[in-house]
Number of protein chains: 2
Amino acid sequence: MRQDIHTSGIPVLCVSCEARHRGICGALEPIQLVELARASTKHVLEEGAELIGDAEPIDNYANILSGVVKLTKSLPDGRQQIVGLQFAPDFLGRPFSEESAIGVEAATPVSLCSFPRRTIQRLIEATPGLERRLLMQALRELDEARGWMMTVGRKTAAEKVASFLLLIARNIDPTLDGEGAPAGAFDLPLTRADIGDFLGLTIETVSRQFTRLDRDGLISVKGRRVEVLDMGRLADLAGA
Amino acid sequence: MRQDIHTSGIPVLCVSCEARHRGICGALEPIQLVELARASTKHVLEEGAELIGDAEPIDNYANILSGVVKLTKSLPDGRQQIVGLQFAPDFLGRPFSEESAIGVEAATPVSLCSFPRRTIQRLIEATPGLERRLLMQALRELDEARGWMMTVGRKTAAEKVASFLLLIARNIDPTLDGEGAPAGAFDLPLTRADIGDFLGLTIETVSRQFTRLDRDGLISVKGRRVEVLDMGRLADLAGA
DNA sequence: TCGCCTCTTTGATCCAGATCAAACTGGCGT
DNA sequence: ACGCCAGTTTGATCTGGATCAAAGAGGCGA
């Protein structure tokens, strides 16, 4: 319980945490960071672990430290749609309201920094900047959700898969975006089934599209391993 | 310019305005309401009018007083997806950030209460409750967007159209939701083309599904006019 | 090392919804 | 009243992706 010793007032737990920069903790003063850190615990979840069941009440919120979390919706007959993916340092959990019938599940091993709802609620009341951060994240997620609505509703299977690869590539290595298109390799954080559930496609169609992208030289695929060989053409295929 | 005379301190402009209850203005004190009302103007837009072009900067925000506004995304080749519908008394415009390449267009005649960005920005700084309202609306829109992702990605054409009818029916007459299922009639605020763009279907498929729902006795359709005859079966068809 | 189990790929066939093509309807301007 | 035009309906046909089926490909516990 001594994680609040100083590195110029910042808890050890937090010194190298991304949430302090791009995440919601960036809105907190060192003293508040200490308060939050004191109430926080680090968890590691294995792939497939369910964080929040459909419509369950939640008493813990968390920041993602690493890994990928999928947000899902299901129909009674088992059809499923992934309605969002969250990466570090996203904030998990929905302030001021019951969960909205969304399932939250670790897509890969995930490590979390979690804290009781009460603590965050209190900090929010005391820190306008924190609410601002939450609003910004909500707006960003809204943009993303709408972007995916377009992808799911109007793009072809090939365009969908290209768009998905772009999403992952950019989240794994944000520098990939530049003009030089240096190409990069990474492991897909999702199974073919998950990718299908994200894009509104079947496993088989996803697999076939990967094969085609590989054959056409845009990427190289081997199971989960993907190397982007031609970022430009891939982005092109994905559509604007 | 005398709209700020009192009805117990509330501007005339606002006395019967829904935004004062369910909208963002509910977070304002009478004195702030006066400030905002003084800077506000009422507009009426005809069907099809574009409020904000794709990625244009915006200097005005607004509350919807009546009518339906559609949010769209387009691909360079003309494919379009409606990524959201807004009804009174929703707040229009994106605080703290450039518009996100979304088109905003009046789907029906729309009346707006609009005010300069500057005024709202100032009120937000002064009123924590206002930012809270914005966050709540963003979270609600996020839920809706995710709900539609599921619909667009995983439901059949019949389920999609039923879901859409339910959305409209509930927004036109919120009491419809009850158990008694009293059935109600309304005019669709969208053309078949718009409905298709919302659901990820073609005009023809939308039309055929309407015909089928009519033939099966769930609704009665005549052009834009729809009467829901069996709310229960319709909700059932729409899926959970 | 083997056998099992999950994930993935590939092939053959099918079908929901797209596309192509007309005809129908209702409003609105002249 | 008429003609035009945007929106809608209906029919015939086509096809992208689903479904059905089966064979790889790792990984991992015994």
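So that the names make sense, note that chain A is the first sequence line, chain B the second, and so on, each numbered from 1.
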S.K.: Can you tell me the distance, in whole Å, between the CG atom of Asp214(A) and the P atom of dT8(C)?
M.R.: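 Checked: the CG to P distance equals 15 Å.
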S.K.: For Lys222(A) and dG24(D), give me the distance from atom NZ to atom C1', rounded to whole Å.
M.R.: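 In whole Å, dG24(D) C1' and Lys222(A) NZ are 11 Å from each other.
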S.K.: Whole angstrom is fine here: how far is it from CG in Asp77(A) over to P in dA18(D)?
M.R.: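 Between P of dA18(D) and CG of Asp77(A): 15 Å.
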S.K.: Measure from the side-chain heavy atoms of Arg192(B) and tell me the nearest of dG17(D), dT19(C), dT8(D).
M.R.: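 The answer is dT8(D), which lies nearest to the side chain.
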S.K.: Leu201(A) CG to dA16(C) C1': how many Å, rounded?
M.R.: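 Going from CG in Leu201(A) over to C1' in dA16(C) covers 15 Å.
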S.K.: When you match Arg208(B) and Phe210(A) each to their closest nucleotide on DNA chain C, which lands nearer the 5' end?
M.R.: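 Of the two residues, Phe210(A) wins.
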S.K.: Between Thr211(B) and dT10(D), does any side-chain N or O lie under 4.0 Å from OP1 or OP2?
M.R.: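 Yes, such a contact exists.
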S.K.: Taking for each residue the nucleotide of DNA chain D bearing the nearest heavy atom, is the 5' side occupied by Ile203(B) or by Thr205(A)?
M.R.: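 In this pair, the answer is Ile203(B).
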S.K.: Between Gly200(B) and Gly223(A), name the one whose nearest nucleotide on DNA chain C is closer to the 5' end.
M.R.: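 With Gly200(B) and Gly223(A) compared, the 5'-side residue is Gly223(A).
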S.K.: OP1 or OP2 of dA18(C) less than 4.0 angstrom from a side-chain nitrogen or oxygen of Thr202(B), does that happen here?
M.R.: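 Looking at the OP1 and OP2 atoms of dA18(C), one of them is under 4.0 Å from a side-chain N or O of Thr202(B).
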S.K.: Run the side-chain hydrogen bond (donor to acceptor under 3.5 Å, both in side chains) test on Thr156(B) and Glu159(B) for me, step by step, so that the C-alpha distance in whole Å, both residues' side-chain angles and the decisive distance to 0.1 Å come before the verdict.
M.R.: CA-CA 5 Å; Thr156(B) 64; Glu159(B) 291 167 333; 3.3 Å; yes
S.K.: For Glu47(B) and dC28(C), give me the distance from atom CD to atom P, rounded to whole Å.
M.R.: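 After rounding, the reported distance stands at 12 Å.
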S.K.: Just N and O in the side chain of Thr191(A): are any of them under 4.0 Å from OP1 or OP2 of dT6(C)?
M.R.: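 For dT6(C), OP1/OP2 do not have a side-chain N/O of Thr191(A) under 4.0 Å.
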S.K.: Run the side-chain hydrogen bond (donor to acceptor under 3.5 Å, both in side chains) test on Ser163(B) and Lys155(B) for me, step by step, so that the C-alpha distance in whole Å, both residues' side-chain angles and the decisive distance to 0.1 Å come before the verdict.
M.R.: CA-CA 9 Å; Ser163(B) 303; Lys155(B) 290 187 185 174; 3.2 Å; yes
S.K.: Rounded to the nearest Å, what distance is computed from the CZ atom of residue Arg79(B) to the P atom of nucleotide dA18(C)?
M.R.: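 Going from CZ in Arg79(B) over to P in dA18(C) covers 13 Å.
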S.K.: Are the aromatic rings of Tyr61(A) and Phe91(A) close, with centres under 6.0 Å apart?
M.R.: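 So the answer is yes for these two rings.
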S.K.: One thing to verify: whether Arg208(A) and Glu204(A) come together as a salt bridge, which I'm taking to mean a side-chain N less than 4.0 angstrom from a carboxylate O.
M.R.: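 Looking at Arg208(A) together with Glu204(A), the answer is no, because their closest N to O distance does not fall below 4.0 Å.
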S.K.: Can you measure Arg212(B) atom CZ to dT10(D) atom C1' for me and round it to whole angstrom units?
M.R.: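 That distance rounds to 16 Å.
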S.K.: Can we say Arg224(A) and Asp187(A) salt-bridge, meaning some charged N sits less than 4.0 Å from an Asp/Glu carboxylate O?
M.R.: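 Looking at Arg224(A) and Asp187(A), the cut-off is not met.
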S.K.: Which nucleotide sits closest to the side chain of Glu204(A): dG11(C), dT10(D), dG26(D)?
M.R.: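 So the side chain of Glu204(A) is nearest to dG11(C).
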S.K.: Roughly how many Å is it from NZ in Lys155(B) to C1' in dG17(C), rounded to a whole number?
M.R.: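 Lys155(B) atom NZ is separated from dG17(C) atom C1' by 18 Å.
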